[in-house]
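Have a look at the structure below, then the notes.
Naming: A, B, ... by sequence-line order, numbering from 1 per chain. Predicted model only: the values in this text are computed from it and were never measured.
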2 protein chains.
Amino acid sequence: MTVGGTDRGIGLEQAGNVLLRALPPSAFALLSPHLERAAFSVDDVLAEAGEPITTIFFPEGGIAALLDPVEEGPRRLAVGLVGREGFVGWPALMGDDRWPHDVMLRAEAGTLLRIDAARLSALAEENEVLRTALLRFVHVATIQMGRTIVSSLIHPVERRMARWILLYHDRLSSDEICLTHEEFRLMLGVRRSSVTEALHRLEADHAVRALRGRVIVRDRDKLAALAGDTYGHAEREYRRLIADLNEPDARRRA
Amino acid sequence: MTVGGTDRGIGLEQAGNVLLRALPPSAFALLSPHLERAAFSVDDVLAEAGEPITTIFFPEGGIAALLDPVEEGPRRLAVGLVGREGFVGWPALMGDDRWPHDVMLRAEAGTLLRIDAARLSALAEENEVLRTALLRFVHVATIQMGRTIVSSLIHPVERRMARWILLYHDRLSSDEICLTHEEFRLMLGVRRSSVTEALHRLEADHAVRALRGRVIVRDRDKLAALAGDTYGHAEREYRRLIADLNEPDARRRA
DNA sequence: CGCATTCTGCCCGGTTCCGTACTGAAACTT
DNA sequence: AAGTTTCAGTACGGAACCGGGCAGAATGCG
């Protein structure tokens, strides 16, 4: 695990996490002195299922993949993704003290802002605005999980793949996404060679270009059409509930 | 919608909801005067996706199915189940004001304890014990969703079916479960006739007996073996986190 | 009781995806 | 530059499921 950087006490302007930046300044100020920036590399393990949650992470880059451990088939399968728009470790706010999933950093090396789990829980207990903001994100994440269920039930591999590519793309700043077939396999629950074939079909559609270890997004609209309504709903809910926490009436307008 | 019963103000001994009964008496006392018992029939719609959440329900019988609306294929697909062990309407506690899914009553007619959503939110804001108990249930429900994703990715129809039957069985008091092929279809995301075939395979294994509109559980162990580790984890977490809220050290023992 | 409705069983060709295994290409190591 | 490791492409028979449709059985209703 590559941990670099030692900044401590992060100001609002310096925070690269969208959820934190959406907080009202008064709420952010509570966290600010306790945030610490740490650098991680691709495939670093941020947490392991069953271990106590001591730290909560707010990504500034990269993608934290939530992987449910399974005994059969692949050793684990993706059930969610979190990038700069959110945080991982929320079970600590829900009254659990252990990680329900493995969490690994994916796609690109990046920094995460971390904070002691007990401290964040205590702050969230005291401050309703902070608590609501964090819980809203958790809620959006569960909506996303619902759509993942739907997608895995009714869509063939390449349509599910289109959805995951969009989820990655939304959380990264480049059209070029580092993602091997093996990683796709853990999101799609298929053989590695079915990934190859599905990816070729997306290439034939000119939706993406695939290189060794990378996928380049060429046509988001095509990907979105393939994903159908398994993509978009959670994203709209995120905007409605979180994007402008500073404008308390935004919800009613939506 | 069949709404009968007019009891108002439910005592702890009269509450048929396991989550409520697990609450410390002081926390339950806050809710007690505001709970109202209402009777519903099978297939009654408790809520519709997109509508404002005005009421939160604690089932005492029957099963509340959470159905995600989809444009394609079947019009909706099951993403979760809640029986007497929990409640529905939790988005109101997570800072959302709208139902993310349709909610329908399944399996058997039953009563639900209902409470005004704004009032419950306010009570949960004030009382940390109550809030934690409710959030723990929400958390277990999301763990269950994670396993639903896993199951739909790696298991064939009859193994997923075995899992859903167990989830129903846990929430009902009889081995006889009212469930049509069409309802299975919404949980499994397959053609109705694939349900017929999967059910026949479970019958051939002597795991269940199937009659018109009903499934009778014959061998839970066989069903559990088929479900593999997609069944059991969420249930253990429920026990660890909720079953003895009155014994605050229970978590550490697990 | 007779009729309409709901639910279940079955059939067929066609497609997707599986399990397994082998090959070649790219990238990293020293 | 050579060797090792990681990734990607391909093949092939077989199983799981699909889409659609039809027939029969159980149930509910007038």
Hey, does the side chain of [X] come within less than 4.0 Å of [N]'s phosphate (OP1/OP2), counting only N and O?
X	N	value
A:S194	C:dC18	yes
A:H181	D:dG9	yes
B:R191	D:dC18	yes

Round to the nearest Å and state the distance from [X] atom [atom1] to [N] atom [atom2].
X	N	atom1	atom2	result
A:R185	D:dC7	CZ	P	13 Å
A:L188	C:dT16	CG	C1'	14 Å
B:L199	D:dA16	CG	C1'	17 Å
A:R201	D:dT10	CZ	P	13 Å
A:R214	D:dC7	CZ	P	14 Å
A:E203	D:dA8	CD	P	12 Å
B:E158	D:dA16	CD	P	8 Å
B:E72	D:dC18	CD	P	14 Å

**Prompt:** Quick one: does A:R192 reach the base of D:dG9 with a side-chain donor-acceptor pair under 3.5 Å?
**Reply:**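 Per atom types, the contact qualifies.
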
**Prompt:** Is a donor-acceptor contact shorter than 3.5 angstrom present between the side chain of A:R212 and the base of D:dT6?
**Reply:**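 Present.
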
**Message:** Just to be sure I understand the rule, does A:G73 reach a base, reach only the sugar-phosphate, or reach nothing, if contact means heavy atoms closer than 4.0 Å?
**Reply:**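 A:G73: no heavy atom of the nucleic acid under 4.0 Å.
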
**Prompt:** A:V195 near the nucleic acid: base, sugar-phosphate alone, or nothing, with a heavy-atom cut-off under 4.0 Å?
**Reply:**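 No contact.
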
**Request:** Between A:S193 and A:L153, name the one whose nearest nucleotide on DNA chain D is closer to the 5' end.
**Result:** A:S193

Counting side-chain heavy atoms from CB outward, which of [options] is closest to [X]?
X	options	answer
A:H200	C:dA25, C:dT16, D:dG9	D:dG9
A:P156	D:dC7, C:dT8, C:dC17	C:dC17
B:T196	D:dA25, D:dC17, C:dG9	C:dG9

**Prompt:** With no hydrogens and no angle check, do the side chains of B:R185 and B:T180 hold a donor and an acceptor under 3.5 Å apart?
**Reply:**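 No, no side-chain donor-acceptor contact under 3.5 Å.
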
**Message:** Checking A:D170 against A:Y231: is there a side-chain donor and acceptor pair closer than 3.5 Å?
**Reply:**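 A donor-acceptor contact under 3.5 Å links the two side chains.
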
**Prompt:** Are side-chain heavy atoms of B:L105 and B:V42 found at a separation under 4.5 Å?
**Reply:** no

**Prompt:** Any side-chain heavy-atom pair from A:R240 and A:E237 closer than 4.5 angstrom?
**Reply:**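 Result yes, sub-4.5 Å side-chain heavy-atom pair found.
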
**Message:** Consider side-chain hydrogen bond (donor to acceptor under 3.5 Å, both in side chains). Of A:Q14, A:R84, A:R37, which one does A:E60 pass it with?
**Reply:** A:R37

**Fill in**
Of B:L179 and B:E197, the one whose nearest nucleotide on DNA chain C sits closer to the 5' end is B:L179

